[in-house]
Chemist: 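First the structure, which I've put down as structure tokens, then a few questions once you've had a look.
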Amino acid sequence: QEMRRRTWSTIYCLDKVLSGTFGRPCAVPNHYMGSDCHPRNWANMEHLKTTAKETKSMQQRTEFMSVSLNMYVILGRCLAEQYDDNLGREAHDSVSDRQMIRKARSLSDALDAVRLTLKPDMFLVQPGDKELKDRSDKTRMRILLTLRFHNLSIMIHRPLVCLVLQ
């Protein structure tokens, strides 16, 4: 059962990434992602015989997956609310400017909430961080989270930039 939860979470995330990357409709609707599939509800792995270092690494990877999944849920909302699920219709044609701004604000607030709940070892990297030279898994995960955060932020604000440029 645990393997199924983790597999489903990975499928959900990949679906959102591919939909956002290639501009294709999502295959997995957002409401299919139940709370029991969220990494914070995954079974505790403390029963495994591991060293303290391995346990910390597993905890970091689970935290990374949890934060990533939170971002992908926001990406799913973004695709649905701002891009009409990539169905080829212009979502903003039937939406007022005020509604478009409200949607972007709501999504941006949700993304900021994810950022504010990051644990210190998962904080987004900043230019000039000394840790960027480190080749550890933790640093790689932080870099990936930072890239995902900024990519999603761009997707959220793109409709507003297009509106201003019109």
Side-chain angles (χ1 to χ4, degrees), residues 1-21 26 28-48 50 52-83 85 99-161:
Q1 193 67 10
E2 188 64 24
M3 185 64 86
R4 288 180 183 173
R5 280 190 197 115
R6 291 173 185 244
T7 302
W8 182 248
S9 295
T10 303
I11 290 169
Y12 177 86
C13 291
L14 285 173
D15 177 57
K16 299 308 170 202
V17 168
L18 293 174
S19 179
T21 301
C26 297
V28 181
N30 290 333
H31 65 273
Y32 281 15
M33 189 59 200
S35 62
D36 61 327
C37 293
H38 199 282
R40 70 175 168 262
N41 296 325
W42 288 353
N44 197 335
M45 300 295 196
E46 290 177 4
H47 64 282
L48 299 175
T50 59
K53 185 177 181 179
E54 291 170 330
T55 301
K56 183 171 174 77
S57 176
M58 283 191 302
Q59 289 170 342
Q60 285 176 338
R61 290 172 194 272
T62 300
E63 177 67 18
F64 171 75
M65 187 63 180
S66 178
V67 173
S68 295
L69 185 59
N70 287 337
M71 287 186 188
Y72 290 132
V73 167
I74 296 168
L75 174 60
R77 282 185 51 207
C78 175
L79 292 172
E81 295 175 17
Q82 294 183 300
Y83 296 94
D85 288 313
Q99 288 172 316
M100 200 182 311
I101 291 169
R102 261 193 226 120
K103 287 178 181 183
R105 179 59 187 223
S106 171
L107 291 165
S108 184
D109 287 348
L111 187 58
D112 277 342
V114 170
R115 181 182 55 81
L116 293 172
T117 59
L118 291 175
K119 293 182 178 175
D121 60 343
M122 286 289 154
F123 281 168
L124 302 179
V125 294
Q126 301 296 323
D129 275 359
K130 293 177 183 175
E131 288 184 11
L132 288 173
K133 294 178 182 176
D134 182 17
R135 300 283 185 197
S136 69
D137 285 344
K138 181 182 93 170
T139 302
R140 289 182 179 137
M141 287 186 276
R142 288 183 58 211
I143 291 169
L144 283 172
L145 288 177
T146 303
L147 291 172
R148 287 177 184 161
F149 177 88
H150 291 300
N151 181 51
L152 184 50
S153 183
I154 290 168
M155 286 189 71
I156 289 170
H157 294 95
R158 180 184 174 272
L160 299 178
V161 172

Chemist: Using the test side-chain hydrogen bond (donor to acceptor under 3.5 Å, both in side chains), find all partners of Ser19 that sit at least two apart in sequence or belong to another chain.
Modeler: Asn86

Chemist: Check Asn30 against Ala80 and note the closest heavy-atom contact, atom names and distance.
Modeler: ND2-CB, 4.4 Å

Chemist: Tell me the closest heavy-atom pair linking Lys16 and Gly76, and the distance in Å.
Modeler: CD-CA, 4.0 Å

Chemist: Please list, chain by chain and in numerical order, all residues satisfying side chain to side chain contact (heavy atoms under 4.5 Å, CB included) with Ser106, sequence neighbours excluded.
Modeler: Arg77

Chemist: Please check if any side-chain donor atom of Ser136 sits under 3.5 Å from a side-chain acceptor atom of Thr139, or the reverse.
Modeler: yes

Chemist: Could you tell me if the side chain of Asp112 sits less than 4.5 Å from the side chain of Phe149, heavy atoms only?
Modeler: yes

Chemist: Run the side chain to side chain contact (heavy atoms under 4.5 Å, CB included) test against Ser68 and tell me which residues pass, sequence neighbours left out.
Modeler: Phe64, Tyr72, Leu145, Arg148

Chemist: Measure across Leu107 and Cys78 and return the closest heavy-atom pair with its distance rounded to 0.1 Å.
Modeler: CD1-CA, 3.7 Å

Chemist: For Tyr12 and Leu69, which heavy atoms make the closest approach, and how far apart are they?
Modeler: CD2-CD1, 3.6 Å

Chemist: Which residues pass the side-chain hydrogen bond (donor to acceptor under 3.5 Å, both in side chains) test with Asp137, sequence neighbours left out?
Modeler: Arg61

Chemist: Does any N or O in the side chain of Thr62 come within less than 3.5 Å of the main-chain N or O of Met58, such that one atom is a donor and the other an acceptor?
Modeler: yes

Chemist: For the atom pair CG (Asp15) and OG1 (Thr10), what is the distance rounded to the nearest 0.5 Å?
Modeler: 12.5 Å

Chemist: First locate atom CG of Asn151, then atom CE of Met71, and finally report the distance between them rounded to the nearest 0.5 Å.
Modeler: 10.5 Å

Chemist: At their closest point, which heavy atom of Met155 faces which heavy atom of Pro159, and how far apart are they?
Modeler: O-CD, 3.4 Å

Chemist: Could you tell me which non-hydrogen atom of Leu79 sits nearest to which non-hydrogen atom of Gly20, and how far apart they are?
Modeler: CD1-N, 4.1 Å

Chemist: With rounding to the nearest 0.5 Å, note down the distance linking CG in Leu152 to OG in Ser108.
Modeler: 9.0 Å

Chemist: Quick one: does Ile143's side chain get under 4.5 Å of Leu147's, heavy atoms only?
Modeler: yes

Chemist: For residues 114-129, tabulate all N or O donor-acceptor pairs below 3.5 Å that involve a side-chain atom, not counting sequence neighbours.
Modeler:
from, atom 1, to, atom 2, distance (Å)
Thr117, OG1, Ala113, O, 3.2
Thr117, OG1, Val114, O, 2.9
Asp129, OD2, Gln126, N, 3.0

Chemist: Listed by chain and number, what are the side chain to side chain contact (heavy atoms under 4.5 Å, CB included) partners of His150, not counting sequence neighbours?
Modeler: Thr146

Chemist: Restricting to salt bridge (charged side-chain N to carboxylate O under 4.0 Å, His left out), what partner residues turn up for Arg105, sequence neighbours left out?
Modeler: Asp109

Chemist: When you measure from the side chain of Gln82 to the backbone N and O of Ile156, does any donor-acceptor pair fall under 3.5 Å?
Modeler: yes

Chemist: In Å, rounded to the nearest 0.5 Å, how long is the span from CZ of Arg102 to CD of Gln99?
Modeler: 6.5 Å

